[in-house]
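Data first, discussion second: the structure below is written as structure tokens.
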Amino acid sequence: MSQTFHRRNLPHLYDDCGKYFITFRLNNSIPINLLKEMAHPKINGDFEKFKRLFMRYDNLLDCGNYGINYLSDSKLSDICKECLLYPHGKEYFLICFCIMPNHVHLIFELLAGNNGISNIMKGIKGVTARKCNLELNRRGKFWQEESYDRLIRDDFELYFVVRYVLLNPVKARLADNWSEWGYSYCDEAYQGVF
């Protein structure tokens, strides 16, 4: 197993195998002034500080008050859904995803011989941006450059991350049940979470 580490605004630690939770969002879905307000001193392993910061960020995304919620358009959500399903069985085993109006949550397990998370995400975001911009007859940045990613360390963590992803539209009051949201997917093996 090999690991790579790099940092832009967020740290990224990638193994060539494992299960990953990834969130990527539309460009301008959170204004820069609000992101700057959330700037914080080092968390230094303080789980409660991290949890509060994560919840604030999550609430800003879910409210949908900023930017244009392009993914509310079913044509654009269908484009994203198709691009998330394409690498399944080739680069990764798709565990679940949820396409929200301005962001996407994705959980997968890397398969042997994959091209690496950076290349997988570059492909997904590049193709969806190109196709969505074409559909919208627009040019310019579609996605925020950087994604949030986390290696899922054990089945206990996986359980909570799958719940979090699938319940996102329920929490945001877009659906009463995760299965009613047309832009969620969960592999049958993981549906026992509910």
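All of these numbers come straight from a predicted model, not from anything done at the bench.
Side-chain contact check for Thr23 versus Arg150: every heavy-atom pair is 4.5 Å or farther apart. Between Leu106 and Tyr92, some side-chain heavy-atom pair lies under the 4.5 Å cut-off. You'll find the side chain of Val104 stays beyond 4.5 Å of the side chain of Ile22, heavy atoms only. Side-chain contact between Leu76 and Leu136 is present, with at least one heavy-atom pair separated by less than 4.5 Å. With a 4.5 Å cut-off on side-chain heavy atoms, Asp78 and Tyr183 count as touching. Considering only heavy atoms from C-beta on, Asp187 stays 4.5 Å or farther from Ile95 through its side chain.
What you find for Gly140 and Asn133 is that their closest heavy atoms are O-ND2, 2.9 Å. The minimum heavy-atom distance between Lys19 and Leu151, with the atom names listed, is O-CD1, 3.4 Å. Heavy atoms only, all atoms of each residue included: Cys80 and Thr128 are closest at CA-CG2, 3.9 Å. The nearest pair of heavy atoms linking Ile124 to Cys83 is CG1-O, 3.9 Å. When every heavy atom of Leu94 is checked against every heavy atom of Phe108, the shortest pair comes out as CA-CB, 4.3 Å.
Using cut-offs of 30° and 60° on the angle between ring planes, the pair Tyr70 and Phe142 is parallel. Taking the six-membered ring for Trp and thresholds of 30 and 60 degrees, Tyr190 and Phe93 have ring planes inclined between 30 and 60 degrees apart.
Using modelled atom types, no side-chain atom of Lys171 and backbone atom of Tyr164 make a donor-acceptor pair closer than 3.5 Å. Judged purely by atom type and a 3.5 angstrom limit, Ser77 uses its side chain to pair as donor or acceptor with the backbone of Leu71. Using a distance-only test at 3.5 Å, with no hydrogens or angles considered, no donor-acceptor pair links the side chain of Asn28 to the main chain of Ile68. Checked by atom type and distance alone, the side chain of Trp178 never pairs as donor or acceptor with a backbone atom of Val165 at under 3.5 Å.
Residue Phe24 forms a side-chain contact (heavy atoms from CB on, under 4.5 Å) with just one option from His105, Met121, Glu145, and that option is Met121. Each of Asn119, Asn114, Asn115 was compared with Glu91 under the side chain to side chain donor-acceptor pair (under 3.5 Å) criterion, and only Asn115 meets it.
Checking Ser147 against Asp149 by side-chain atom types alone, no donor-acceptor pair falls below 3.5 Å.
In the displayed structure, Asp176 atom CG is contacted under 6.0 Å by at most 12 heavy atoms of other residues, nucleotides or ligands. In Lys141, the NZ atom is crowded: over 12 heavy atoms of neighbouring residues, nucleotides or ligands sit closer than 6.0 Å. Within 6.0 Å of NZ in Lys75 there are 12 or fewer heavy atoms belonging to other residues, nucleotides or ligands.
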Step by step, work out the side chain to side chain contact (heavy atoms under 4.5 Å, CB included) result for Leu158 and Ile107. CA-CA 9 Å; Leu158 178 63; Ile107 303 174; 4.0 Å; yes

Check step by step if side chain to side chain contact (heavy atoms under 4.5 Å, CB included) holds for Met100 and Leu61. CA-CA 9 Å; Met100 296 291 286; Leu61 275 177; over 6 Å; no

Begin with the C-alpha distance, continue with both residues' side-chain angles, and end with the deciding distance and a verdict on side chain to side chain contact (heavy atoms under 4.5 Å, CB included) for Tyr66 and Ile30. CA-CA 6 Å; Tyr66 309 103; Ile30 299 178; 5.5 Å; no

Between Leu85 and Phe97, does the side chain to side chain contact (heavy atoms under 4.5 Å, CB included) criterion hold? Intermediate values first, please. CA-CA 9 Å; Leu85 290 168; Phe97 67 74; 4.1 Å; yes

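Residue Cys96 holds its SG atom at 12.0 Å from CZ of Arg163, rounded to the nearest 0.5 Å.
Cluster annotation: Leu84 and Tyr185 are assigned to the same hydrophobic cluster (Ile/Leu/Val/Met/Phe/Trp/Tyr, side-chain heavy-atom contacts under 4.5 Å, transitive).
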